[in-house]
Amino acid sequence: MTRPLISYYGDDFTGSTDVMEALASNGVETVLFLKVPDADLLSRFSGARAFGLAGTSRSETPEWMDVNLAEAFAWLKSLDAELCHYKVCSTFDSAPHVGSIGRAMEIGRSVFGETTVPLIVGAPQIRRYTAFGELFAAYQGRNYRIDRHPVMSRHPVTPMDEANVLLHLARQTSLSSVLVDNVALLGHTDPAEADILLLDVLGDRTQRAAGNLLWNQLRAKSRFVCGSSGVEYALIPAWRDSGLIGPAPVFAAAGPVDRIAVVSGSVSPTTERQIRHALANGFEGVTVDPVALSAQENASTITEAVDAGLTVLESGRSVVLYTALGPSADRGGELDSSTGARHRLGRALGRIQSELITRAGLSRAVVAGGDTSSHALGEMGISALTLKMPLPQTPGSPLCIAHGGVADGLQIALKGGQVGGDDYFSMIRAGGQM
């Protein structure tokens, strides 16, 4: 097997497919596993040049990371890729007690035996930017500093109240850090020594400079890197310039299907608009009580939701089952009063979706919500994902092909809360042809 260009661990499932899209749409054959594969499953994808492992660390504690991330990184290290990437959300939302990026970097640094961990967060392709160490993200056509972002500054679990990436990280780790800002990158200034090295990415020139620095200089002393899918977007030009990859392939359109099922555990206003658009365009909605669905004894709630969804699908219409319609419907306080409720909610939505797919004979489906997707897919019997087609109009949430279980061959899209235009669900039903 040719040495892989890169391996990665995604801290949630939607972020993991974001990386797969960035790689595969640029000609890097990529497979994303939902858990560490056995030898037989791994051998099915022996031609891949990038291997991903979708995880849940964005919603986990540092203690969970100490055990589970260490094991995941050890497996990724065994693949002997040129680089290994710990993929985090491009909005960098995290906290010392949950989704700690700092703790993940400490673990990766230890497993790989590195002294320096390069960090790239900016990704202009998905409208994320870092300038002089501060993070900016787009929302509804405008760019906001992340601590003033209308959504991420009010995230229900990890609100972003600090735009300076390294100051934010300093709450999570005692590792030293240095910024290579936009000016230094373009001036080809040699970076100072530090445990964490943040590379600014504001536009095409700084992205290329960051990729070249990572591949041609830093890789020799640091195989472990952290960041958003901006890591891959920065590396692709460097790989192409080195003749390691060819031109981007052309993907055939997926084409429309008559009906799909969407399950959503997102409270994002972006998802709210998408649900409202879907309901006005041929979808029928089913509201599911998130507290009842997250209870220890939730079998009857799941059965009721499945029955309601099947009634819609059997009528020939698409269905969207949702636990909230925007931030005003957020019941996170009630969920957080019960240990593990958010995880149970995601798993229950996965069981609902699995039932709808198999019993209605669906060929395409959507799971909305980053944390929701992470826990839902574990209940669907899916072992791996590959790219069906990228969606240039909605980067970061491609249409994938599922491998394994009863969902083998299913076309599925995983959508983070902040991702996509208002017509996202209709677009998936239409196979990207809107």
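When a residue number appears, it is its place in the shown sequence, counting from 1.
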Asker: Charged N to carboxylate O under 4.0 angstrom, E82 versus R219?
Answerer: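 Salt bridge present between E82 and R219.
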Asker: Do Y322 and T271 get their side chains close enough for a donor-acceptor pair, meaning under 3.5 Å?
Answerer: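 Note: Y322 and T271 side chains miss the donor-acceptor criterion.
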Asker: Measure from the side-chain N and O atoms of Q353 to the backbone N and O of V366, and report whether any donor-acceptor pair falls under 3.5 Å.
Answerer: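 A pair under 3.5 Å: yes.
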Asker: Within the distance-only criterion (no hydrogens, no angle test), does the side chain of E114 pair as donor or acceptor with the backbone N or O of R223 below 3.5 angstrom?
Answerer: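 A pair under 3.5 Å: yes.
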Asker: Applying side chain to side chain donor-acceptor pair (under 3.5 Å) to S57 and Y86, what does each step give before you reach the verdict?
Answerer: CA-CA 10 Å; S57 57; Y86 179 68; 2.7 Å; yes
Asker: Are D195 and S176 close enough that a side-chain donor and a side-chain acceptor fall under 3.5 Å?
Answerer: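 Yes.
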Asker: Specify whether F425 and F283 have parallel, tilted or perpendicular ring planes, treating 30° as the upper limit for parallel and 60° as the lower limit for perpendicular.
Answerer: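 Geometry flag for F283 against F425: tilted rings.
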Asker: Please assess Q172 against E106 for the test side chain to side chain donor-acceptor pair (under 3.5 Å), listing each intermediate value before the final yes or no.
Answerer: CA-CA 10 Å; Q172 303 172 19; E106 293 171 352; over 6 Å; no
Asker: Any side-chain donor-acceptor pair under 3.5 Å between S94 and H168?
Answerer: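 Looking only at side-chain atoms, H168 and S94 do form a donor-acceptor pair, the distance falling under 3.5 Å.
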Asker: Please walk me through it: do T206 and D200 pass side chain to side chain donor-acceptor pair (under 3.5 Å)?
Answerer: CA-CA 7 Å; T206 49; D200 260 350; over 6 Å; no
Asker: Could you tell me if S25 and E21 have a donor-acceptor pair between their side chains, going purely by distance under 3.5 Å?
Answerer: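 There is no such pair (donor and acceptor under 3.5 Å, judged by atom type) between the side chains of E21 and S25.
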Asker: Is the distance between the ring centroids of F224 and F112 under 6.0 Å?
Answerer: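 Yes, they do, as the ring centres are separated by less than 6.0 Å.
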Asker: Side chains of H97 and T61: do they bring a donor and an acceptor to under 3.5 Å?
Answerer: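 T61 and H97 do not have a side-chain donor-acceptor pair below 3.5 Å.
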Asker: Please verify the inter-ring angle class for H85 with Y8; under 30° counts as parallel, over 60° as perpendicular, anything in between as tilted.
Answerer: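 The rings of H85 and Y8 sit tilted, inter-plane angle from 30° to 60°.
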